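Report on the following structure.
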Amino acid sequence: MSSQVAIVTGASKGIGFAIAKAFVDRGMKAVLSARSDAELRRAQQQLGGDANALAVRADVSVPADAERLVAEAVRRFGGLDVLVNNAGIGRFVNVADMSVDEWHRVIETNLSGPFFCSRAAIPEMRRRGGGWIINITSLAGKNAFAGAAAYCASKSGLNAFSEALMQEVRHDNIRVSYVMPGSVATGFGGGTGGERWKLAPEDVARVVIDLIGHDARSLPSRVELRPSRPPRKG
């Protein structure tokens, strides 16, 4: 694992930062991507600076940005072994009140972004002899709820995308998995980030580390991760 190069999108905070930190802690080279340059630089410094992490400002919903992100990883570190498609946004509003621009922004970031990044990464992984693509989706992708139509649709689509992509590239020694967390204490979706019953970002990072540590003969293609003791209903 220590010789591997990983890209993590949405890596400036929350789940993405926890995953990038887990990679760096194990000696991997991490390429951090996000839309905010200031937050990216701060995350890079927290991970030890240029020696361990490369910060590349990119909007994954823009195909050219996704291609540049992969190219920068290869230019700096010589190849690419792991892609974690984590970048995501949520707009939690009823369909009747959602603008067309809001719909497109959610779908293009959460679903088209992983397509653009995976499409750019696959040729580099093939040249490397294999790799991992791990998509961070959500339990909302199978448990839809009111006020989240765009978000749930994007995550459901990403689940299906992951299943199809897994079958397309498995014989290239590229393994594809998707991780479906439940509620995570990051402040995403309007939470405070301090709810003690929720998963921690590090819980998701641990799953990612466990995945890429699997022997090449095995492929855990889908992981559901949920809080063990959520609040009782009713």
Side-chain angles (χ1 to χ4, degrees), residues 1-11 15-16 18-34 47 52-88 109-137 157-180 204-205 207-223:
M1 196 177 291
S2 62
S3 63
Q4 294 185 348
V5 178
I7 289 174
V8 184
T9 69
I15 292 172
I19 293 170
K21 184 177 186 303
F23 288 158
V24 170
D25 287 348
R26 286 158 179 79
M28 294 173 64
K29 302 300 182 185
V31 180
L32 317 180
S33 168
L47 296 180
N52 300 319
L54 173 66
V56 179
R57 184 185 179 279
D59 182 342
V60 297
S61 70
V62 178
D65 276 18
E67 292 169 6
R68 178 174 52 82
L69 173 61
V70 171
E72 284 294 306
V74 173
R75 180 192 63 79
R76 173 67 180 275
F77 295 124
L80 178 62
D81 303 289
V82 180
L83 168 65
V84 180
N85 287 308
N86 168 73
T109 300
N110 298 4
L111 181 55
S112 296
F115 161 67
F116 297 142
C117 290
S118 298
R119 183 173 178 271
I122 288 168
E124 298 299 336
M125 290 183 178
R126 284 173 172 159
R127 279 191 277 272
R128 197 85 153 172
W132 272 99
I133 297 174
I134 298 175
N135 296 321
I136 307 301
T137 72
L158 185 53
N159 293 346
F161 171 81
S162 303
E163 293 277 357
L165 179 61
M166 178 268 291
Q167 298 175 59
E168 292 176 5
V169 300
R170 63 196 308 176
H171 294 295
D172 295 312
N173 197 34
I174 300 172
R175 289 180 284 178
V176 178
S177 293
Y178 57 108
V179 181
M180 304 169 65
V204 184
V207 170
V208 171
I209 291 297
D210 288 346
L211 283 172
I212 64 175
H214 268 260
D215 191 275
R217 68 178 175 271
S218 68
L219 174 56
S221 58
R222 165 174 160 167
V223 179

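In this chain, residues are counted from 1 in sequence order. Values in this document were obtained by computation on a predicted structure and should not be read as measured data. Quick note: numbers below take in every heavy atom, side chains included, and nothing from hydrogens, waters or symmetry partners.
Between atom CD1 of residue Ile212 and atom CD1 of residue Ile134 there is a gap of 6.0 Å, rounded to the nearest 0.5 Å. Taking CD of Glu124 as the start and CD1 of Ile174 as the end, the distance is 10.5 Å to the nearest 0.5 Å. Considering CD1 of Ile133 and CE of Met166, their distance stands at 12.0 Å, rounded to 0.5 Å. Atom CG of Leu111 and atom CZ of Phe116 lie 9.5 Å apart (nearest 0.5 Å). A distance of 9.0 Å separates CZ of Arg26 from NZ of Lys21, quoted to the nearest 0.5 Å. Once rounded to the nearest 0.5 Å, the distance linking CZ of Arg126 with CG of Asp172 reads 4.0 Å.
The only member of Asn85, Thr9, Val84 that meets side chain to side chain contact (heavy atoms under 4.5 Å, CB included) when paired with Ile136 is Val84. Under the side chain to side chain contact (heavy atoms under 4.5 Å, CB included) rule, Val5 has a single partner from Val74, Leu54, Asp81, Val82, which is Asp81.
The minimum heavy-atom distance between Thr109 and Gly88, with the atom names listed, is CG2-CA, 4.1 Å.
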Query - Derivation of the side-chain contact (heavy atoms from CB on, under 4.5 Å) call for Val31 and Glu72 - result: CA-CA 9 Å; Val31 180; Glu72 284 294 306; 5.8 Å; no
Query raised in the report: How far apart are the C-alpha atoms of Asn86 and Val204, what are their side-chain angles, what is the distance that settles it, and do they pass the side-chain contact (heavy atoms from CB on, under 4.5 Å) test?
Result: CA-CA 11 Å; Asn86 168 73; Val204 184; over 6 Å; no
Report task. Given side-chain contact (heavy atoms from CB on, under 4.5 Å), test Leu165 with Ser118 step by step and report yes or no. Result -> CA-CA 9 Å; Leu165 179 61; Ser118 298; 4.0 Å; yes
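Panel note: side chain Asn52, backbone Leu47; a donor-acceptor pair is recorded below 3.5 Å. With Arg127 contributing its side chain and Leu80 its backbone, the two residues share no donor-acceptor pair below 3.5 Å. With Asp215 contributing its side chain and Arg217 its backbone, the two residues share a donor-acceptor pair below 3.5 Å. At distances below 3.5 Å, not a single donor-acceptor pair connects side-chain atoms of Asn173 with backbone N or O atoms of Gly130. Using a distance-only test at 3.5 Å, with no hydrogens or angles considered, a donor-acceptor pair links the side chain of Ser177 to the main chain of Pro220. No donor-acceptor pair closer than 3.5 Å links the side chain of Asn135 to the backbone N or O of Tyr178.
Between Leu158 and Pro114, the closest side-chain pair of non-hydrogen atoms falls below 4.5 Å. At least one side-chain heavy atom of His214 sits less than 4.5 Å from a side-chain heavy atom of Arg175.
Checked against side chain to side chain donor-acceptor pair (under 3.5 Å), Asp210 has no partners two or more places apart in sequence or in another chain.
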